[in-house]
2 protein chains.
Amino acid sequence: MPAESERTEMLDSETKAVETPEDHADELRLWLRLLTCTTLIEGEVRGRLRQRFDVTLPRFDLMAQLDKAPDGMTLSDVSKRMMVSNGNVTGLVERLVESGHLDRRTSETDRRVQVIRLTKLGRAEFRKMAAEHEIWIADLFADLSPKDVRELMRLLAKTKASAQKSAARRRP
Amino acid sequence: MPAESERTEMLDSETKAVETPEDHADELRLWLRLLTCTTLIEGEVRGRLRQRFDVTLPRFDLMAQLDKAPDGMTLSDVSKRMMVSNGNVTGLVERLVESGHLDRRTSETDRRVQVIRLTKLGRAEFRKMAAEHEIWIADLFADLSPKDVRELMRLLAKTKASAQKSAARRRP
DNA sequence: CCAAATTGTTTTAAGCCTAAAATGTTTCCC
DNA sequence: GGGAAACATTTTAGGCTTAAAACAATTTGG
């Protein structure tokens, strides 16, 4: 009679005080695997963007956000969407304005706010890159069946929700 | 009669020249979700490490590698395991030697090679951090059932293999 | 109205990270 | 043995990233 109890209350007597350190090895392994996958794919995409278009991944990501927002976005919005710090966006935008890919203007109605959008050049270049990028991604995931993809989507949605909940517990 | 053909050869006549751009939106969404999960969890872990132990995530990761190798590792080994550039490891190690967490020596048998290992201090501090870290991870994944965890492990293994294959196709 | 709180952005200081070139060492193989 | 190739690491130059502090503008509540 094995005493296996996965993720349930402990059943032995005097249970409250026992404080058995639970086994979290599986979750740890899962996290490392998740990280490996992301690092692997991200590195591959980074390299291809550099070789093929001489552009960095963060610049591409920022342009991708703006491509979805024809009327532009504020720096804060971009920062939240990209999940990076405000200061990070400031520098990134500076360089992309410099290179002629972005247009930046102060909001008429709130002078704190900077609104940025893709220039014509920026949009054209992004579209070209995005078309190839999509193919790279498809190739990187090529061995997953449509069912695998659906299932992964579902489980990652659950993962995201779980992590957000955990983060919120700490930072209410 | 829907013309849906998921991930199969195209069946229309004159097929070779047609070059229909396939739809890769699902894979793209999957990649973005994967990236979101990783960024979310990584950011959370980074913040907790900083607040709780005043240590950076890369330092923690490097120590984690060394903790598994009591006899030490070469810089190349570390670099491969962590999937970061060589130069990156050089700097990271410099700072950790400086702070007394790492010991570095030139190999007796091959003077090109630097072997690094945790010092007593480094190991002790790492163990303390790792214990809490494991709990954080478990909490971040807390809403996944054991079955979810197994299933995610399986699908991510498949993903990793697929991505590696794709990367190898490009860089033979 | 106006001080305090909030919000949006930039600045700062430090560290992380990469790709590519440079340096030093060993191995290969003729 | 000796030159070429391979290997391990460091250096370089530039960019990315963060947390925290500083600054600026707006909103809020007495």
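Residue numbers begin at 1 in each chain, while the letters A, B, ... track the order of the sequences.
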[X] [atom1] - [N] [atom2] separation (whole Å):
X	N	atom1	atom2	result
B:E44	D:dT18	CD	P	14 Å
A:D110	C:dT6	CG	P	17 Å
A:L49	D:dC16	CG	P	12 Å
B:I116	D:dA8	CD1	P	14 Å

Salt bridge flag under 4.0 Å for residues B:E151 and B:K147 = no
B:E44 with A:R170: basic N within carboxylate O range, under 4.0 Å | yes
Main-chain N/O of B:R111 paired with B:T106 side-chain donor or acceptor, under 3.5 Å | no
Any sub-3.5 Å donor-acceptor pair from B:R50's side-chain atoms to B:V55's backbone N or O?
-> no
Checking A:F126, A:F53, A:W136 against A:F60 for ring-ring contact (aromatic ring centres under 6.0 Å, His included), the one that qualifies is A:F126
Indicate for each nucleotide in nucleotides 9-19 of chain C, in 5' to 3' sequence, whether protein heavy atoms under 4.0 Å reach the base (B), only the sugar-phosphate (S), or nothing (-).
-> BBB---SSSBS
Distance-only side-chain donor-acceptor flag, A:S107 / A:D110, under 3.5 Å | no
Side-chain heavy atoms of A:M82 within contact of A:D61, under 4.5 Å = yes
Heavy-atom check, side chain of B:R81 versus side chain of B:M73, under 4.5 Å = yes
DNA chain D contacts made by residues 121-129 of chain A, counting heavy atoms under 4.0 Å | none
